[in-house]
Amino acid sequence: MAVSCSDRLRRKFRAARNVVVCTGAGMSAESGVPTYRGSEGIWKKFRPEQLASFDAFLSSPDLVWEWYRHRREIISSIEPNAGHIALAEMERSIEHVVIVTQNIDNLHRRAGSTRIHELHGNIERNYCIECGEFVTAQDVASSSAVPRCRHCGGLIRPDVVWFGEQLPEAAWTGAIEAVSTAEILLSVGTSGVVYPAASIPDIARRAGAYTVEINIEPTELSGSFNEVIRGTAGEALPMLLQVRTHSDQEK
Ligand code: BV8
Ligand code: ZN
């Protein structure tokens, strides 16, 4: 069944100048990246605190490194999907499209989006926990055991935000600034369980944005959105792009 939206959203989306799109793991599911909590979710094999925390990294660096190396391998073999591409396309016809993503897979950038706030970091970047020296994914791709810094011998970690760690200041303030002027907020493919990222749609609604959840199933936050579109990112976002570009042709 083709995915659709309300006439109200159609009208709003045609006229909007500031749109913020919050994305979670469901955004990349159609590219082949396993989500965290789906049936095949990576967390299924491990509990989050077992792997995505600094303590876990210090106590079992090779296990945590191997998990990220495995995920980097998956990500390097896949492409952005129709949803990522539609979001990048939207930048051509909507003045201000800002992506606020919890994803660490770099797919929005690869699809061509230019205004992206990565709340939880990026798996392509790594740094030494002692001296902070950054190394690229290529520099460390081969090592299956946790790599050591060539300057000081410290452990190299992925530049992602682990549980109990603060979000990058610039990404968080950038996201909050973007939602303060957003006319529409789309929340795409997130279960809304991880904070403070999950608080963004509510902040946007209180600032006056029309908020829309795009998801294949209900979430803990569904009741707090102005509208829910039941469908995949790869179907709903091209549909919304069509609503926008179709109207531009009518002008
Ligand atoms: C923080 C990077 C301040 C790493 C991630 C106790 C102590 C300390 C903190 C806490 C605590 N209790 C609670 C907290 C806060 C904690 C938190 O929220 N915990 C949760 C579990 C309750 N948050 C933090 O720790 C954050 N930092 O609070 O700092 C602080 C500091 C010290 C002390 C106190 C506070 C940092 C959180 C960041 C964690 N890092 N990722 C890595 O990826 O390896 S989290 C990771 O999981 C993701 O980044 C993302 O955020 C989250 C996954 O969620 P989703 O993206 O939503 O994915 P999920 O699989 O859950 O859902 C997919 C959805 O898509 C589903 O709804 C599905 O239906 C849908 N879907 C599937 N296919 C499709 C689809 N939708 C559309 N189309 C499809 N095709
Ligand atoms: Zn170092």
Side-chain angles (χ1 to χ4, degrees), residues 3 21-44 46-57 64-65 67-72 74-75 81-84 86 100-106 118-123 125-135 147-169 171-172 186-201 212-222 228-239:
V3 71
V21 190
C22 293
T23 65
M27 180 75 226
S28 302
E30 289 153 284
S31 296
V33 182
T35 63
Y36 293 82
R37 291 169 183 79
S39 52
E40 81 302 342
I42 16 177
W43 288 145
K44 278 275 165 294
F46 301 98
R47 281 178 298 109
E49 46 284 357
Q50 266 182 301
L51 294 173
S53 79
F54 191 56
D55 294 347
F57 180 64
V64 174
W65 182 263
W67 184 51
Y68 282 92
R69 195 191 59 73
H70 166 68
R71 291 167 70 190
R72 219 179 265 116
I74 295 173
I75 288 165
N81 62 54
H84 294 105
V100 175
T101 188
Q102 300 170 70
N103 298 339
I104 61 173
D105 59 29
N106 211 33
E118 293 174 322
L119 296 183
H120 295 162
N122 185 318
I123 202 169
R125 293 191 305 264
N126 307 274
Y127 64 90
C128 166
I129 63 170
E130 302 300 340
C131 70
E133 157 96 354
F134 268 88
V135 284
R148 294 275 175 172
C149 172
R150 61 195 167 155
H151 287 282
C152 73
L155 291 175
I156 302 281
R157 64 166 281 178
D159 184 18
V160 299
V161 179
W162 278 328
F163 286 102
E165 293 186 328
Q166 299 287 351
L167 274 56
E169 187 56 36
W172 181 252
L186 306 178
S187 174
V188 188
T190 178
S191 59
V193 297
V194 172
Y195 283 84
S199 60
I200 291 179
V212 182
E213 180 181 68
I214 296 173
N215 202 309
I216 54 172
E217 61 187 20
T219 70
E220 295 186 15
L221 303 180
S222 298
V228 170
I229 297 178
R230 184 68 61 240
T232 71
E235 296 160 340
L237 293 169
M239 177 272 292

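This chain uses plain numbering: 1 for the first residue, then up along the sequence. Order of appearance sets the numbers: ligands from 1, and atoms from 1 within every ligand.
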field: Atoms in ligand 1 with a heavy atom of Val194 nearer than 4.0 Å
entry: 18 (O), 37 (C), 47 (O), 51 (O), 52 (C)

- line: So CZ of Phe163 and OH of Tyr195: to nearest 0.5 Å the spacing works out to 13.0 Å

field: Distance under 6.0 Å and angle within 45° of ring axis: Arg71 vs Trp65
entry: no

- prompt: Can you find an N/O atom of Tyr68 closer than 3.5 Å to an N/O atom of ligand 1?
  reply: yes

- prompt: What distance separates Cys152 SG from Glu130 CD, expressed to the nearest 0.5 Å?
  reply: 5.5 Å

Atom indices of ligand 1 within 4.0 angstrom of Trp67 heavy atoms, with elements: 44 (O)

- prompt: Given Glu235, Glu213, His120, Arg230, which has its nearest heavy atom closest to atom 5 (C) of ligand 1?
  reply: His120

field: Under 3.5 Å: N/O of Thr232 near N/O of ligand 1
entry: no

- prompt: Charged N to carboxylate O under 4.0 angstrom, Arg148 versus Glu133?
  reply: no

query: Of the choices Pro196, Gly189, Ser222, which has the non-hydrogen atom that lies closest to atom 65 (O) of ligand 1?
result: Gly189

- prompt: Would one find an N or O of Ser191, backbone or side chain, under 3.5 Å from an N or O of ligand 1?
  reply: yes

task: Apply the side chain to side chain contact (heavy atoms under 4.5 Å, CB included) test between Ile104 and each candidate in Val33, Asp159, Val160; give the one that qualifies.
output: Val160

field: Heteroatoms of the protein, restricted to N/O/S, which lie under 2.8 Å from the Zn ion (ligand 2)
entry: Cys128 SG, Cys131 SG, Cys149 SG, Cys152 SG

query: With atoms numbered from 1 as shown, which atoms in ligand 1 lie under 4.0 angstrom from a non-hydrogen atom of Gln102?
result: 48 (C), 49 (O), 50 (C), 51 (O)

task: Give the atoms of ligand 1, by number and element, whose distance to some non-hydrogen atom of Thr190 is under 4.0 Å.
output: 55 (P), 57 (O), 64 (C), 65 (O), 67 (O)

query: When you check the gap from the basic side-chain N to the acidic O, do Glu118 and Arg125 get nearer than 4.0 Å?
result: yes

query: Against heavy atoms of Arg71, which atoms of ligand 1 measure under 4.0 Å?
result: 42 (C), 43 (O), 44 (O)

- prompt: Roughly how far apart are Ser31 OG and Asp105 CG, rounded to 0.5 Å?
  reply: 7.5 Å

- prompt: Nearest 0.5 Å, what's the CD-CG distance between Gln50 and Asp55?
  reply: 13.0 Å

query: Counting heavy atoms only, which of Trp172, Tyr195, Tyr36, Phe163 comes nearest to atom 23 (N) of ligand 1?
result: Tyr195

- line: Tightest non-hydrogen contact, residues Val161 and Pro168, listed as CG2-CD, 3.6 Å

- prompt: Does even one non-hydrogen atom of Ala197 get within less than 4.0 Å of ligand 1?
  reply: no

query: For atom 20 (C) of ligand 1, which of Val193, Thr23, Leu51 has the closest heavy atom?
result: Val193

- request: Would you mind running through ligand 1 and noting each atom that sits below 4.0 Å from a heavy atom of Trp162?
  value: 36 (C)

- request: Indicate whether any N or O donor in one side chain lies under 3.5 Å from an N or O acceptor in the other, for Ser191 and Glu220.
  value: no

query: Just heavy atoms, cut-off under 4.0 Å: does Ile104 contact ligand 1 by side chain, backbone, both, or neither?
result: side chain

- prompt: What do we get for Met27 next to ligand 1 when only non-hydrogen atoms under 4.0 Å count, side chain, backbone, both or neither?
  reply: neither

field: ligand 1 atoms in contact with Glu165 (distance to a heavy atom under 4.0 Å)
entry: 1 (C), 26 (C), 27 (N), 29 (O), 36 (C)

- prompt: Is any N or O atom of Ala25, backbone or side chain, closer than 3.5 Å to an N or O atom of ligand 1?
  reply: yes

- prompt: Can an N or O of Ile214 be found at a distance shorter than 3.5 Å from an N or O of ligand 1?
  reply: no

query: From Gln102 CD over to Thr190 OG1, what is the distance, rounded to the nearest 0.5 angstrom?
result: 4.0 Å

message: Need the ligand 1 atom indices (1-based, order shown) with element for anything under 4.0 Å from a heavy-atom of Gly24.
response: 56 (O)

statement: Short version for Leu119: what comes under 4.0 Å of ligand 1, heavy atoms counted, is neither

- prompt: Between Ala236, Gly164, Gly26, which one has a non-hydrogen atom sitting closest to atom 33 (C) of ligand 1?
  reply: Gly164

Minimum non-hydrogen distance to atom 40 (N) of ligand 1, winning option of Val64, Val161, Asp105: Val161

